[in-house]
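Working notes, beginning with the structure itself.
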2 protein chains.
Amino acid sequence: MSSRINKKRVTVTDIAKEAGVSLKTASRALNNSPHVREEKREAVLKAAKKFNFRPNISARQLASNRSYVITHFYDNVNTDYVSKIYTGMQQACHKHGYYAVAETTDCSKRKFIEQTLDYVTAFNIDGLILSPPLCDDTALMTALKKHGIKVVLISPQETSEDDYFVFVDEEKSAFQITEHLINLGHKDIAFLGGLKSHKAALNRQKGFVAAMKQYGLNASRKTIKTGDFTMQSGHNAYVDIMKKLPEATAIFAANDEMAMGVIMAALNDGKKIPDEIAVAGYDNSRFSGLFWPSLTTVSPPVIEMADYATNLLIRLISGEAVENKKHEFVSEIILRKSTDKK
Amino acid sequence: MSSRINKKRVTVTDIAKEAGVSLKTASRALNNSPHVREEKREAVLKAAKKFNFRPNISARQLASNRSYVITHFYDNVNTDYVSKIYTGMQQACHKHGYYAVAETTDCSKRKFIEQTLDYVTAFNIDGLILSPPLCDDTALMTALKKHGIKVVLISPQETSEDDYFVFVDEEKSAFQITEHLINLGHKDIAFLGGLKSHKAALNRQKGFVAAMKQYGLNASRKTIKTGDFTMQSGHNAYVDIMKKLPEATAIFAANDEMAMGVIMAALNDGKKIPDEIAVAGYDNSRFSGLFWPSLTTVSPPVIEMADYATNLLIRLISGEAVENKKHEFVSEIILRKSTDKK
DNA sequence: GCATAAATTGACAGCGTTGTCATTTATAAG
DNA sequence: CTTATAAATGACAACGCTGTCAATTTATGC
């Protein structure tokens, strides 16, 4: 029935024999336990390498009552973002013999916290990675803390003293991209933000305003519009902007989809991009580079962030001391056709 | 160190005791083994339900020398497609106590087959799901078959007698969407296909041609253009089409990105959509519904296909007899603004 | 150099499940 | 009703690893 080849598996016992130590010492050496003499550790690692030893994860799970599984919980339709996080998690997990799993939930469901806890206990999940908007769900965070579940957050908007998280300075990036537009010679720049409840959008707006002020340019209610992060709202905003601020030569939208909506409306309006209207977005979504014209945008290092967050989580799980609870990442500004020189 | 709550775990032994049978009989009942009397099976399942029993996957893995892991190998930048497959896999995996894992590879790397085999044996993966283009890599398929690894393919273009796979009839869907355009009154319809090497695009083209012929319309070299599946190529194609076939009132592109490129070029050209030019795409990519105007397209049931493929794979793994090696799915035609009534 | 503390090591018992194989029970055949 | 055969059942040993705790070795202090 089973087609499995019956090649005998290399076990810790084999390694121990080869290295001339006991099973347990070999186990310790392989797990970076500090209580092993250096020479024995080396002998064990050498033997492991020689035999190309791979620990049996199931056995380890069973014996240690841990799953060696880290799950990313998300409630986000942006598959692009989610898959970048997964890639970063995998990098870190592979390195430490963990499994990376991604689980989608619906945080508007009434029982979602209960279900999350149920999942974590049922599968004995070792730790969680949470991304927006879940990482800002205070009820969820409270429940997880109460049960002592290890969590690391990616880009939370609000945090408390005892949270571990990674983040990017969105204000800084928004400042830089606005500065880029200003350096190109634009003076009348409109900003297309999001709803006030969307904290990240607010930070991007702050960066925009700060840059405009620093260069003595106008950033008032007239130049700041509100969208809802859809292409459609970008489209509508363009029409609105042209009505109230017809002298505008550049538009910076708080995400790529709105920026694309703006571009489409502008094209529809007979404007040349970037010659008559320059457009910048935010997020570096997959389409931003494929769009026509390709979109200048801000690229947060999501994969690196997830990798770091996962490494941090693994350290927490293994009980290692962690010096910094948070870590800041810097986004890259990606210059493309939509803001080419005039 | 560990924060795990020390609530005693429910094991098969507990279930067996409650049901008044032996450990092994309980195990058999829980695993749908045929060699259990109906009344005992019921007693066991009842006990399992009462205690909310969840099998310990690690123990099962260790004892059965199987990983209960199914991996989707892919080499595809389309995160949308990949994450739909993952969702479908998870549905099926959850139901049967398996883990779903996704792994990206680069099939242009020289050693990628070797690495794939290495991964499968190292992690003792029970079965693989392969999607395009990997599922059409004959060298890989040969290697996997040689090692007796269970595989189910999603939308392969070429298959042999002993392949298990799921697929959609692309020709039929292309026919239907063309028919939809014709029914709207369009007569001069252009098709934007892909390179000849792209088999799926060819099938879509066949469907287009068949529909046009059936309704006595012209489908010649003049109306059929070639793109490379990027927005940019859709843009270029529009310009080309308008030059050689200025009377065209509808364009059917073989994927959504090209369709979006077409729309953008048309808007840029001052055309109203769908009033002057109707546009249809293919794939129902995430942006197609968010685009402006939203895009009429063909939606293959990727999640359902992955779910079915995974169930099929699990049946293969457990040695169950499988009657049909292949299963056809029907795509849905999604009508949106880009082909609204004139 | 000896007593004591600290670090290192190893024997052994699980972890919760499935595989094996012998035993018991039910069914069919004569 | 007996025997032969098939089906159902259970005892027990794995699976490969880690946790516990006692035994051993090494380092430290006086």
Side-chain angles (χ1 to χ4, degrees), chain A residues 1-2 4 6-44 48 51 53-68 97-98 122-124 126 317-319, chain B residues 1-2 4 6-44 47-48 51 53-68 96-98 122-124 126 317-319:
Chain A
M1 198 143 105
S2 171
R4 187 122 348 264
N6 211 3
K7 194 174 142 193
K8 210 177 142 290
R9 190 178 180 117
V10 178
T11 74
V12 189
T13 312
D14 301 327
I15 303 299
K17 228 171 259 170
E18 170 78 10
V21 299
S22 78
L23 163 64
K24 187 65 225 204
T25 300
S27 166
R28 273 192 273 256
L30 292 166
N31 285 286
N32 297 318
S33 162
H35 305 294
V36 178
R37 202 158 310 161
E38 203 46 46
E39 77 191 69
K40 302 213 175 185
R41 179 194 306 284
E42 272 165 26
V44 170
F51 287 175
F53 170 74
R54 310 247 197 174
N56 182 319
I57 296 171
S58 314
R60 172 193 267 180
Q61 289 171 336
L62 184 59
S64 64
N65 190 31
R66 293 209 270 134
S67 63
Y68 285 83
Y98 277 69
F123 285 93
N124 212 4
D126 285 348
I317 292 166
S318 10
Chain B
M1 196 141 106
S2 171
R4 190 122 344 265
N6 211 3
K7 194 174 141 193
K8 210 177 142 288
R9 193 181 178 114
V10 178
T11 73
V12 190
T13 312
D14 302 326
I15 303 300
K17 229 171 258 171
E18 170 79 9
V21 299
S22 77
L23 163 65
K24 186 67 224 202
T25 301
S27 166
R28 272 192 273 257
L30 291 167
N31 286 286
N32 299 317
S33 161
H35 305 293
V36 179
R37 203 158 310 158
E38 202 47 46
E39 76 192 69
K40 302 212 174 187
R41 179 193 307 284
E42 273 166 24
V44 170
F51 287 174
F53 170 74
R54 310 246 197 174
N56 182 318
I57 296 172
S58 313
R60 172 191 267 178
Q61 289 172 335
L62 183 60
S64 64
N65 190 30
R66 293 209 269 134
S67 63
Y68 285 83
H96 300 279
Y98 277 70
F123 286 92
N124 213 3
D126 286 348
I317 291 166
S318 12

task = Specify the residue among B:Ala59 and B:Ala26 whose closest nucleotide of DNA chain D lies further upstream toward the 5′ end.
result =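 The residue closer to the strand's 5' end, by nearest nucleotide, is B:Ala26.
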query = Closest nucleotide of DNA chain D for B:Val21 versus for A:Ile57: which of these residues is on the 5' side?
reply =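 The 5'-side residue here is B:Val21.
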Length of the line joining [X]:[atom1] and [N]:[atom2], which is rounded to integer Å:
X: A:Lys24; N: C:dC12; atom1: NZ; atom2: C1'; value: 11 Å
X: A:Gln61; N: D:dC15; atom1: CD; atom2: P; value: 18 Å
X: B:Lys17; N: C:dG16; atom1: NZ; atom2: C1'; value: 13 Å
X: B:Asn65; N: D:dG16; atom1: CG; atom2: P; value: 7 Å
X: B:Asn56; N: C:dT17; atom1: CG; atom2: C1'; value: 7 Å
X: B:Leu62; N: C:dG16; atom1: CG; atom2: C1'; value: 9 Å
X: A:Leu23; N: D:dT18; atom1: CG; atom2: C1'; value: 9 Å
X: B:Tyr68; N: D:dC15; atom1: OH; atom2: C1'; value: 13 Å

ask   = Just how far is it from atom CG of A:Asn56 to atom CZ of B:Phe123, taken to the nearest 0.5 Å?
value =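 Output value for this atom pair is 11.0 Å.
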Nearest-0.5 Å distance that lies between atom CG in B:Leu62 and atom OG in B:Ser67 =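 With rounding to 0.5 Å, CG (B:Leu62) is 12.5 Å from OG (B:Ser67).
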request  = Applying salt bridge (charged side-chain N to carboxylate O under 4.0 Å, His left out), name anything that partners A:Arg41, two or more places apart in sequence or on another chain.
outcome  =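 Once residues adjacent in sequence are excluded, the partners of A:Arg41 under the salt bridge (charged side-chain N to carboxylate O under 4.0 Å, His left out) criterion are A:Glu38.
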request  = Check DNA chain C against residues 28-41 of chain B and give the residues with a non-hydrogen atom under 4.0 Å, in numerical order.
outcome  =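 Those residues are B:Asn31, B:Arg37.
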inquiry  = If the cut-off is 4.0 Å, is A:Ser22 near the phosphate of C:dG10, judged by side-chain N/O to OP1 or OP2?
reply    =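 Checking A:Ser22 against C:dG10: at least one side-chain N or O falls below 4.0 Å of OP1 or OP2.
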ask   = Does B:Ser27 place a side-chain N or O at less than 4.0 Å from the phosphate oxygens OP1/OP2 of C:dT17?
value =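 For B:Ser27, the contact criterion (side-chain N or O under 4.0 Å from OP1 or OP2 of C:dT17) is not met.
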May I have the list of side-chain donor-acceptor pairs in residues 17-28 of chain A shorter than 3.5 Å, sequence neighbours left out?
{"residue": "A:Glu18", "atom": "OE2", "partner": "A:Lys50", "partner atom": "NZ", "Å": "2.9"}
{"residue": "A:Ser22", "atom": "OG", "partner": "A:Lys24", "partner atom": "N", "Å": "3.4"}
{"residue": "A:Ser22", "atom": "OG", "partner": "A:Thr25", "partner atom": "N", "Å": "3.2"}
{"residue": "A:Ser22", "atom": "OG", "partner": "A:Thr25", "partner atom": "OG1", "Å": "3.2"}

